[in-house]
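Note sheet for the following structure.
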Amino acid sequence: MSTKNEQLFLQAKKHIPGGVNSPVRAFAGVGGTPVFMHKAAGSKIYDTEDKEYIDYVGSWGPMILGHAHPKVIDAVKAAADDGLSFGTPTTFETSVADTICDIVPSVEMIRMTSSGTEATMSAIRLARGYTGRDKIVKFEGCYHGHSDSLLVKAGSGMLDIGEPTSQGVPADFAKHTITLPYNDPQAVKDCFEKWGDEIACVIVEPIAGNMNMIVPTQEFHNTLREQCTQGGAVLIFDEVMTGFRVGLRGAQGHFGIKPDLTCFGKIIGAGLPVGAFGGKREIMECIAPMGGVYQAGTLSGNPLAMRAGIAMFEDLTVDGFYEGVADKVTYLVDGIQATADKQGIELRSTKLGGMFGLFFVKDSETQVPQNFDEVTACDMDKFNTFFHGMLERGIYLAPSAYEVGFMSSKHSTEDLDATIKAAAEVFAEMAAAY
Ligand code: HOZ
């Protein structure tokens with residue numbers, strides 16, 4: 001007899017490829033059947049049989065205030081009462097743009113999009129238009145959404161299906177994408193030495209969150225900034241995951257680096273479909289209608305998303321908000337790490353602000369992975385066992401060893417203790433089995 005989720009998955013597969021509308025939902029990496037969720041509140045998410053899970057995915061990051069935050073929901077309800085979309089300017093877009101430009105010093109102007117993919121795709125076009133150059137540089141294991149030029153040696157769901165470069169990307173497009181090892185300053189210098197005056201931009205996840213989590217060195221970031229400035233290339237930070245997540249000023253605040261352009265994602269609309277890219281005025285003024293780089297969208301800056309974002313930013317800008325979320329991450333990750341150490345499980349962990357990464361390494365000599373090759377050398381079977389053990393115990397982690405964990409301000413000490421207890425039980429089983 002199949003479970004409810006198996007039945008739902010079968011039904012979904014009839015008319016939806018793979019039964020999902022985004023590959024990372026399909027459990028391709030971890031195996032088994034995805035859980036069909038139907039509601040969420042605070043730190044919890046509920047399946048169609050009302051089984052409760054403590055959620056560390058948070059819709060892939062934006063639910064930093066927890067699910068269905070009353071203030072955000074009220075803002076969305078009020079916005080819906082006023083109409084869903086106008087295709088005209090609204091004052092709400094101006095408010096969100098002002099808020100982001102006030103918070104993030106590198107962002108002097110900003111353009112809203114409907115998703116993070118659109119933001120990175122548009123930022124690349126803008127960088128090419130601004131510099132008049134074609135080549136772009138990205139890093140192995142970094143994922144910047146699913147536009148053609150960026151689906152080369154990418155992370156996230158691409159790794160689960162074992163196709164880091166997507167089929168369907170014309171070789172003529174891919175040839176303009178140079179891919180370098182992440183967190184390797186010398187590779188960046190060598191690349192600029194070779195192609196310096198042909199490079200339009202370097203796009204980077206300033207903290208990688210699509211090959212599990214890697215906080216790169218300060219030297220890596222200093223080198224990127226220095227080489228882009230010297231080479232006349234645009235430095236693009238893809239802060240779709242890290243923006244307003246690892247801290248109010250994102251990864252750029254953490255490293256003290258001013259990128260030329262920054263891409264944001266769903267978090268700026270509190271989880272509604274939205275993205276944005278912004279940065280130096282001189283570059284942003286190249287976008288239509290001011291300049292000749294075309295970029296558009298009926299739903300860009302949608303009023304529901306903007307009003308949700310405005311409500312959310314009120315809480316994010318309260319003093320101590322990010323320290324509170326980071327303390328929860330520290331409590332959780334240190335707790336999980338301590339119990340792994342006690343059971344002799346070779347777990348490595350990393351954390352910053354509201355994000356964390358857990359790696360199952362193969363031996364006691366291996367340290368926290370620092371690049372794509374080191375991530376892929378981890379023990380994926382152990383991660384999968386851990387993932388399913390946690391899921392059975394009502395803990396919802398991202399269904400892939402290449403994804404990160406996200407904390408919300410609504411996770412309680414009780415939630416965190418329950419998670420650590422579940423991890424201890426799973427580790428005990430793993431220790432006995434391996
Ligand atoms: N790729 C993101 C997670 N690493 C967003 C989730 C998705 O692709 O559906």
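Here, residue 1 is the first one in the sequence, and each next residue gets the next number. Order of appearance sets the numbers: ligands from 1, and atoms from 1 within every ligand.
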Note to self: If you define the side chain from C-beta out and look only at heavy atoms, does anything of Tyr331 sit under 4.5 Å from Thr413?
What the structure shows: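 When only atoms from C-beta onward are counted, Thr413 and Tyr331 do touch, with a gap below 4.5 Å.
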
Margin query: What I'd like to find out is whether the side chain of Lys39 reaches to under 4.5 Å of the side chain of Asp50, using heavy atoms alone.
Written below: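 Of all side-chain heavy-atom pairs linking Asp50 with Lys39, at least one is under 4.5 Å.
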
Notebook entry, point to check: Is it true that the side chains of Asn210 and Tyr402 contain a donor and an acceptor less than 3.5 Å apart?
Noted result: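 Result is no, nothing qualifies.
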
Notebook entry, point to check: Is the gap between the ring centers of Phe360 and Phe386 under 6.0 Å?
Noted result: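 Aromatic pair counts; centres sit under 6.0 Å.
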
Checklist line | Centroid-centroid under 6.0 Å between His411 and Phe406 rings | finding: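 Ring centroids of His411 and Phe406 are no less than 6.0 Å from each other.
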
Note to self: Cation-pi check for Phe92 against Arg307: NZ or CZ below 6.0 Å from the six-membered ring centre and within 45 degrees of the axis, yes or no?
What the structure shows: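 Geometry flag: set, cation within 6.0 Å and 45°.
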
When you pair each N or O of ligand 1 with protein N or O atoms, which pairs come out under 3.5 Å?
unit_1: ligand 1; atom_1: 1 (N); unit_2: Ser156; atom_2: OG; d: 3.0
unit_1: ligand 1; atom_1: 4 (N); unit_2: Ser156; atom_2: OG; d: 3.1
unit_1: ligand 1; atom_1: 4 (N); unit_2: Asn210; atom_2: OD1; d: 2.4
unit_1: ligand 1; atom_1: 4 (N); unit_2: Glu403; atom_2: OE1; d: 2.5
unit_1: ligand 1; atom_1: 4 (N); unit_2: Glu403; atom_2: OE2; d: 3.3
unit_1: ligand 1; atom_1: 8 (O); unit_2: Ser22; atom_2: OG; d: 3.4
unit_1: ligand 1; atom_1: 9 (O); unit_2: Ser22; atom_2: OG; d: 2.5

